[in-house]
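Working notes for the structure below.
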Protein chains: 2
Amino acid sequence: MAAILTERRLFILKLVVQQFIETATPVASEALVRKFGLGFSSATVRNDMAALEDVGYLTHLHTSAGRVPTDAGYRFFVENLMDRTSLSLAEQRMIRHQFYQVRGELDQWIQLAGAVLARTAQNASLVTPPRAEQLRFKNLELISIHDTMVLVVLVFHGGIVKQQTFSVDTARSAEDLRRSASRISDCLIDMTMCQVEDVIAQDSLQATPCFGEFDHGVIDLVIHAMQTFEEQAREQIHSDGLLEMLSQPEFIPSLARDDAERAVERLRRALEILKSGRGLGQLIPQALASDGVQVIIGGEHGEDEMREYSVVLARYGVGGTVTGVLGVIGPTRMSYPRSISTVRYISSLMSNLLGDLYAGETRPPFEGDHQ
Amino acid sequence: MAAILTERRLFILKLVVQQFIETATPVASEALVRKFGLGFSSATVRNDMAALEDVGYLTHLHTSAGRVPTDAGYRFFVENLMDRTSLSLAEQRMIRHQFYQVRGELDQWIQLAGAVLARTAQNASLVTPPRAEQLRFKNLELISIHDTMVLVVLVFHGGIVKQQTFSVDTARSAEDLRRSASRISDCLIDMTMCQVEDVIAQDSLQATPCFGEFDHGVIDLVIHAMQTFEEQAREQIHSDGLLEMLSQPEFIPSLARDDAERAVERLRRALEILKSGRGLGQLIPQALASDGVQVIIGGEHGEDEMREYSVVLARYGVGGTVTGVLGVIGPTRMSYPRSISTVRYISSLMSNLLGDLYAGETRPPFEGDHQ
DNA sequence: CTTTAGCACTCACGCATGAGGAGTGCTAAG
DNA sequence: CTTAGCACTCCTCATGCGTGAGTGCTAAAG
């Protein structure tokens, strides 16, 4: 059985994968020689295909159906056979331009990244917001909305901003609020959540008169905000491009070779994955921990729900400061070259953008920002 | 032709609509008498159904299929026949509790409202963020991120906050930034976008030394932010509950009485509507302009894409200050009583929450708690 | 030993056919 | 006006068959 993978057989594998990615229909031996004008006959191709099937790179659902790549086949293709391309310069320029138009607005970057990934790779996309491993407090502003309502604007290192309203018993002047804010800011500056909690615990024990009742209310809110923020940071996945993915033939019943019921069920499944991020659980932290573009094909990571899907992920961000993950998700029959180059480009672009934001802030905190 | 709508016929219409809403299958005369133990025979029901069909409240696709309500039938049902219910107290309490948990975080309200609407009405939901007709400037903070990068936090009336980063040529001290911010804030306070533009135009003409170059940069950014904000305010529709809607039988091929292809096509259509808000265009401003819960059934508003969907909308917000729209969207065969009561409850809840935020800002702060 | 032509075989797909059944429309009697 | 009875319509599902694409195998040629 030990079939030998000659040069030609790998070439045929490459063609089969490419062809299947393009047409979404099982590829026949005859069709290959016709389309590519191969120098040998369809019978030869059939023999080679049979060999590739022995090794586990191809299958076919029944006799008299063309060949289809297996997960292992895709894997081999991605690692050894694929032409590594980049996005065209025109595309790159267009994407850069779009990001330029929303310069300064970080939340827009995320949205835009999702949209661009989806459009360019013609599949669904996912983007997690950039997060520091540990939120570090930077600044706090208190703005009166009216008598008993105060808006708290929390600024963390890395330009992460969170706003929250806060109701109080007695009205306070703007000047009062300002003083309170700078008192608290001075005290908490550069602290992580744990540190803030410690300080507060100490202050409570010693009943330092440093903070008033109002101040303590604000600080409680800060802690609460930091907690919830860190919690949901891990969960939060922004996804987009469902529509793009749905225009792939596997979701169009008339084109899907299995029946329409399947197509719908598949679709519902896809939606659930995207919405809840179920089945992606391990992938994100994994991608955060590694460099370069990761490709997870079909059932490779065990999640049964994902068996029909592949994911192309990359980390983006600055050093160890602030990082996120972005990627493309679609049927295993997706264009890996295109997805990979898209993900690679966008992640490096986002890294650069974030880099500008953080240039002065990374490790050496020499600028200190003392008020 | 001129069929008279007797009491009994209307009762039958009511039963047919309710039954169809419940089962999603055409309702047969025989089935009605059996299920409800009516005091008359199926033949009588058939006659009445025929009469209701003459008036245009029912149809059937072919002989030997049960009756199905038309858009007009649903309309009549909603306006005259429906039992007007409210959400159960337990449900209300649960919902209030969820909102309580995210008190203070306005963006979370919107997300939560969408999720709750979807879950409670078992259909898709849409929520627009609360917007003032005119953005009014309130406050501005400048926070240094690092040497050449400044974070601008804009606060508008009604607790609307927008943040943006801004790169500058020369580093500035925190004190410098603070003074600049308060200079600009003082000058622009309470202004609408147009007014800000006027002030700047005058200042430029007269070359008042009041603002420095840096200040002008910030103000340009303020104007730009206000513009884009107002523009995208109209567009921005937050939608949720696709999955809930998709669990309705019209989207499940094996249950849909037409073939599976249709179900998928329908689904794709629904997705497009929800994502882009196409087909909803006129509805939102319309809902903003009117009070109470609006029900738009099927093709009533002309948009062909929406022919198979109904929308239940309500305005929420405070007086003329700050308003948004929220609602439920689903197949025409949705439970109108439930959707309407859900939408009514959530909109009044959101109005109250916003009311608290604005109490001091609107004219006479009155507990608008009556629904 | 590899390649190739030839051919039988397999299996999905499309289409027609027919039985079964649900539900109506009509008619005539109560 | 109501209702029983019945013919009629038309969907649904299962069955069967022809068709064609594509393979697997075999035997001969390179």
Side-chain angles (χ1 to χ4, degrees), chain A residues 1-9 11-12 15-16 19-20 23-35 37-54 58-69 253-263, chain B residues 1-12 15-16 19-20 23-35 37-54 57-69 253-263:
Chain A
M1 271 304 126
I4 306 157
L5 291 183
T6 63
E7 198 73 16
R8 192 186 60 206
R9 286 179 177 171
F11 181 60
I12 287 178
L15 290 184
V16 170
Q19 191 64 13
F20 185 65
T23 63
T25 41
V27 356
S29 55
E30 183 66 34
L32 268 195
V33 297
R34 229 185 314 112
K35 171 142 188 179
L38 302 177
F40 35 87
S41 79
S42 67
T44 312
V45 175
R46 272 202 294 284
N47 286 334
D48 287 346
M49 280 175 161
L52 288 164
E53 189 164 349
D54 279 349
L58 295 180
T59 359
H60 54 164
L61 322 172
H62 56 271
T63 4
S64 102
R67 292 309 206 296
V68 168
S254 53
L255 297 181
R257 68 202 166 295
D258 50 12
D259 77 303
E261 302 241 353
R262 284 275 169 75
Chain B
M1 268 290 154
I4 306 157
L5 292 183
T6 64
E7 199 72 15
R8 191 186 61 207
R9 286 179 177 170
L10 295 182
F11 179 61
I12 287 176
L15 290 184
V16 170
Q19 191 63 13
F20 185 65
T23 63
T25 43
V27 355
S29 55
E30 184 67 33
L32 268 195
V33 299
R34 229 186 314 112
K35 172 142 188 182
L38 302 178
F40 35 87
S41 79
S42 68
T44 311
V45 175
R46 271 202 295 284
N47 286 335
D48 287 347
M49 280 174 161
L52 287 163
E53 190 164 349
D54 279 351
Y57 288 166
L58 295 178
T59 356
H60 54 165
L61 322 172
H62 56 270
T63 0
S64 104
R67 292 311 206 295
V68 168
S254 52
L255 298 181
R257 69 203 167 295
D258 49 14
D259 78 301
E261 301 239 354
R262 284 276 168 76

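Values below: every heavy atom of this structure, side chains too, minus hydrogens, waters and symmetry copies. Each chain gets a letter, A, B and so on, in the order its sequence line appears, and its residues count up from 1.
- Under the side-chain contact (heavy atoms from CB on, under 4.5 Å) criterion, A:Thr23 pairs with A:Gln19, A:Thr25, sequence neighbours left out.
- Under the side-chain contact (heavy atoms from CB on, under 4.5 Å) criterion, B:Ala43 pairs with B:Ser41, B:Arg46, not counting sequence neighbours.
- Rounded to the nearest 0.5 Å, atoms CG (A:Leu15) and CG (A:Asp48) are 11.0 Å apart.
- Phosphate proximity of C:dT3 to A:Thr44: absent, as no side-chain N or O sits under 4.0 Å from OP1 or OP2.
- With rounding to whole Å, A:Asp48 atom CG is found 11 Å from C:dT2 atom P.
- Residue B:Phe20 contributes atom CZ, which lies 16 Å from atom C1' of C:dG23 at whole-angstrom precision.
- Residues that satisfy the salt bridge (charged side-chain N to carboxylate O under 4.0 Å, His left out) test with A:Glu53, not counting sequence neighbours, are A:Arg67.
- Among residues two or more places apart in sequence or in another chain, the side-chain contact (heavy atoms from CB on, under 4.5 Å) test is passed with B:Phe40 by B:Arg8, B:Ile12, B:Leu38, B:Thr44, B:Val45.
- Distance B:Leu61 CG to C:dA22 P: 18 Å, rounded to the nearest Å.
- Scored by the side-chain contact (heavy atoms from CB on, under 4.5 Å) test, A:Ala65 finds A:His62 as partners (sequence neighbours excluded).
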- Note on the structure: Each nucleotide of nucleotides 22-30 of chain D classed B (base within 4.0 Å of a protein heavy atom), S (only sugar-phosphate) or -, in 5' to 3' order, makes BBB------

